[in-house]
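Hydrogens, waters and symmetry mates play no part in the numbers below; they use all other heavy atoms, side chains included.
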Amino acid sequence: MIEDYNELSPIYREKYKLTVLPKWRKKLVILKMIVLEIIFLIEITFRTIKSVLFYFFTHKKGYVFKDIIYGPNERNQCDIYIPLSSNYLLNNKKDLPVVLFMHGGSWGFGHKLQYILLGKKLSERGIVTMVINYRLTPKGNIDDMLEDINNATLFCYENIENYGGDKNKIYLMGHSAGGHIISQYVIENYSKPIDTENEKKQNIKKRVPLSGVFPLSAPLHINDHFLFETKRGVEHISPMRPAMKGPKYFDQYSPSVVLEKIKDKSIRDDKLPTPFPSFYILHGVDDATVPLSSSTKFFSILMRKLANPTARTLFLKAYPKIKHIDLIFNVCDDNLIIERNIFNGIDDDDTNNNNNNNIQSILNDMINIIKN
């Protein structure tokens, strides 16, 4: 068992004792993970070659900006991908939607260069895409990561017009641990009215307008995810526990738990200068790393807390036969162009019933949410 399991809440402590695997099982799990990682690295060889060619050789000059510093801390760098169709260098337009993407990697791994094809694919569809690095454990913890996403969001708002983006059309998107961090950031900072005086005294993070938040296959309840990692036999090697500063802080950094403490029907006041943003939650049904229940639980809690939830302010979609990393690979490999309204069948005024709505395309769902 982990050395600090006594810091777990009583209920989760007992569940952990009943769930934890013996040492020999854990050794087999680690061996299996090593084998699968080798297979995975072989499988992504072609994607890696495509990424390297585009990033270093074939992209059009002036439309990919690399290693831009967005904050004062280590790893506060980002790449910005700009749509060729924008011709922003000549027309000086600043009207394109923006995605700020935060990578996953169990709070301890990952790099912006792993998501070159994501930036390329989104920019090809007319979206300015900012892919960031951020501090990871063991050099950083969740507080550092929240500070980094705050700095990245402020930088984006204050500078994205220089790259053709509209600062009033910013969407946060994060996969896995990145989805957890952006959700925690938004729940902490956008769920209550602004108190200017209190903000000054307590140095509360400045809010900028956000059009929406995309948690992709994100662990949104840390205690539950810890138990799930325990069932998999990886809780003792997972970076999650040190990243969250130990089990006693699991609830504090769980978006679902933080939400539960907020009064029902109290979130979202459109009269505020920076209202609570829309949430678009996407998850694979066959995800064996972060179960779909993480997203469905968060969705049901947020549904109760929003004052006037609609499909355009709170949306959940589960994709059959999609595993954890498949959600990102599906976007990077997708060459379909589908004009459809993802809210088909939900909006009363939607009459666009065509065969396109039966085609599974995560990329096109993202594009149509952002552009509709």
Side-chain angles (χ1 to χ4, degrees), residues 67-79 99-115 118 129-157 170-191 202-208 210 213-226 229 234-235 237-259 277 279 281 289-290 294-295 298 324 328:
D67 299 325
I68 299 168
I69 296 173
Y70 68 79
N73 302 303
E74 184 183 1
R75 283 179 59 91
N76 284 178
Q77 291 183 323
C78 67
D79 295 333
V99 163
L100 193 168
F101 181 80
M102 196 170 200
H103 67 75
S106 300
W107 301 271
F109 310 100
H111 196 280
K112 59 185 174 65
L113 293 182
Q114 295 172 272
Y115 300 88
L118 178 77
T129 307
M130 176 175 164
V131 182
I132 70 169
N133 277 343
Y134 58 96
R135 285 173 288 176
L136 303 169
T137 189
K139 292 186 176 180
N141 60 38
I142 183 62
D143 291 330
D144 301 316
M145 299 169 198
L146 291 169
E147 181 183 355
D148 288 348
I149 187 58
N150 181 63
N151 287 336
T153 305
L154 290 175
F155 175 89
C156 185
Y157 183 74
I170 297 173
Y171 293 81
L172 298 186
M173 182 181 292
H175 179 244
S176 196
H180 162 264
I181 296 164
I182 63 170
S183 299
Q184 181 74 15
Y185 170 70
V186 169
I187 297 299
E188 282 186 359
N189 294 289
Y190 287 78
S191 60
Q202 299 185 25
N203 194 29
I204 295 173
K205 295 180 180 71
K206 178 184 176 182
R207 296 182 198 172
V208 303
L210 294 175
V213 184
F214 284 84
L216 311 177
S217 304
L220 300 169
H221 192 297
I222 298 301
N223 265 311
D224 284 356
H225 191 63
F226 174 75
E229 287 189 333
V234 299
E235 86 287 356
I237 59 172
S238 169
M240 185 187 75
R241 185 163 50 95
M244 299 302 130
K245 305 188 296 185
K248 65 181 177 181
Y249 294 106
F250 281 178
D251 280 350
Q252 181 177 331
Y253 295 112
S254 293
S256 291
V257 176
V258 176
L259 263 182
F279 263 80
I281 308 163
T289 303
V290 180
S294 172
S295 287
F298 180 78
H324 192 65
I328 295 296

*Asks:* When you compare the side chain of Ile328 with that of Tyr115, does any pair of heavy atoms fall below 4.5 Å?
*Replies:*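 Side chain of Tyr115 against side chain of Ile328, heavy atoms only: contact under 4.5 Å found.
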*Asks:* Please determine, by modelled atom types, if His225 and Ser294 share a side-chain donor-acceptor pair under 3.5 angstrom.
*Replies:*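 Side-chain D/A pair, His225 to Ser294: absent.
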*Asks:* Verify the neighbour count for atom CD1 of Ile237: are there more than 12 heavy atoms of other residues, nucleotides or ligands below 6.0 Å?
*Replies:*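 Atom CD1 in Ile237 is packed in, count exceeds 12.
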*Asks:* To the nearest 0.5 angstrom, please state how far the CG atom of Asn141 sits from the CG atom of Leu136.
*Replies:*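 That separation rounds to 11.5 Å.
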*Asks:* Atom CD1 of Ile181 and atom CG of Leu146: how far apart are they, to the nearest 0.5 Å?
*Replies:*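 That separation rounds to 7.0 Å.
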*Asks:* Under a 4.5 Å cut-off applied to non-hydrogen side-chain atoms, are Val186 and Leu172 in contact?
*Replies:*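 Side-chain contact under 4.5 Å: yes.
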*Asks:* Return the minimal non-hydrogen interatomic distance between His221 and Ser256, and the atom names on each side.
*Replies:*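 Closest heavy-atom pair between His221 and Ser256: CD2-CB, 4.0 Å.
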*Asks:* Treating Arg135 as the side-chain partner and Gly140 as the backbone partner, does any N or O pair qualify as donor plus acceptor under 3.5 Å?
*Replies:*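 Looks like no, no N/O pair under 3.5 Å.
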*Asks:* Just to verify, what does Tyr253 make a side chain to side chain donor-acceptor pair (under 3.5 Å) with, not counting sequence neighbours?
*Replies:*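 Scan of Tyr253 (side chain to side chain donor-acceptor pair (under 3.5 Å), adjacent residues dropped) gives Asp143, Lys245.
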*Asks:* Hey, what do you get for NZ (Lys139) to CG (Asn73), rounding to the nearest 0.5 Å?
*Replies:*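 Between Lys139 NZ and Asn73 CG, I get 13.0 Å after rounding to 0.5 Å.
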*Asks:* Which atoms form the tightest heavy-atom contact between Gly179 and Leu220, and what is the distance?
*Replies:*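 For Gly179 versus Leu220, the nearest heavy atoms are O-CD2, 4.2 Å.
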*Asks:* Less than 4.5 Å apart, side chain to side chain, heavy atoms only: is that true for His324 and His175?
*Replies:*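 Yes. Closest side-chain heavy atoms under 4.5 Å.
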*Asks:* Could you pull out the closest heavy-atom pair between Pro72 and Asn151, with the gap in Å?
*Replies:*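 For Pro72 and Asn151, the tightest heavy-atom pair comes out as CD-ND2, 3.7 Å.
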*Asks:* Please check: side-chain N/O of Thr129 versus main-chain N/O of Val99, any donor-acceptor pairing under 3.5 Å?
*Replies:*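 No, the answer is negative, given that no donor and acceptor are paired below the 3.5 Å cut-off.
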*Asks:* Show every donor-acceptor pair shorter than 3.5 Å between a side-chain atom in residues 100-112 and any protein atom, with sequence neighbours excluded, or say none if there are none.
*Replies:*
| from | atom 1 | to | atom 2 | distance (Å) |
| --- | --- | --- | --- | --- |
| Trp107 | NE1 | His180 | ND1 | 3.2 |
| His111 | ND1 | Leu113 | N | 3.1 |
| His111 | NE2 | Asn133 | ND2 | 3.1 |
| Lys112 | NZ | Asp67 | OD1 | 2.7 |
| Lys112 | NZ | Asp79 | OD1 | 3.1 |
| Lys112 | NZ | Asp79 | OD2 | 3.1 |

*Asks:* Using 0.5 Å steps for rounding, measure from the CG atom of Asn150 to the CE atom of Met145.
*Replies:*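 Atom-to-atom, Asn150:CG and Met145:CE are 15.5 Å apart.
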*Asks:* Answer whether the closest heavy-atom distance between the side chains of Ile132 and Ile149 falls below 4.5 Å.
*Replies:*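 Side chain of Ile132 against side chain of Ile149, heavy atoms only: contact under 4.5 Å found.
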*Asks:* Angle between ring planes, Phe250 versus Phe226, binned at 30° and 60°: parallel, tilted or perpendicular?
*Replies:*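 Judged by the thresholds at 30° and 60°, the geometry between Phe250 and Phe226 is tilted.
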*Asks:* Of the non-hydrogen atoms in Tyr134 and Arg75, which two are nearest, and what is the gap between them?
*Replies:*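 Heavy-atom minimum between the residues: O-NE, 2.5 Å.
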*Asks:* I need the Glu229 CD to Ser238 OG distance, nearest 0.5 Å.
*Replies:*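 Rounded to the nearest 0.5 Å, the CD-OG separation comes to 3.5 Å.
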*Asks:* Can you name the one residue among Phe214, Phe298, Tyr171 that meets ring-ring contact (aromatic ring centres under 6.0 Å, His included) with Phe279?
*Replies:*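 So the option named by the test is Phe298.
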*Asks:* Taking all heavy atoms of Ser176 and all of Pro219, pick out the closest pair and write down the distance.
*Replies:*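 The answer is O-CD, 3.3 Å.
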*Asks:* Name all residues meeting the side-chain contact (heavy atoms from CB on, under 4.5 Å) criterion together with Ile68; count only those two or more places apart in sequence or in a different chain, and write none if there are none.
*Replies:*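 Residues passing side-chain contact (heavy atoms from CB on, under 4.5 Å) with Ile68: Phe65, Cys78, Ile80, Phe155, Tyr163.
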*Asks:* If you round to the nearest 0.5 Å, how far is CG of Leu210 from CG of Asn189?
*Replies:*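 Nearest 0.5 Å value for the CG-CG distance: 10.0 Å.
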*Asks:* Work out which heavy atom in Ile182 is nearest to a heavy atom in Gly174; give both atom names and the distance.
*Replies:*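 Closest approach of Ile182 to Gly174: CD1-N, 3.3 Å.
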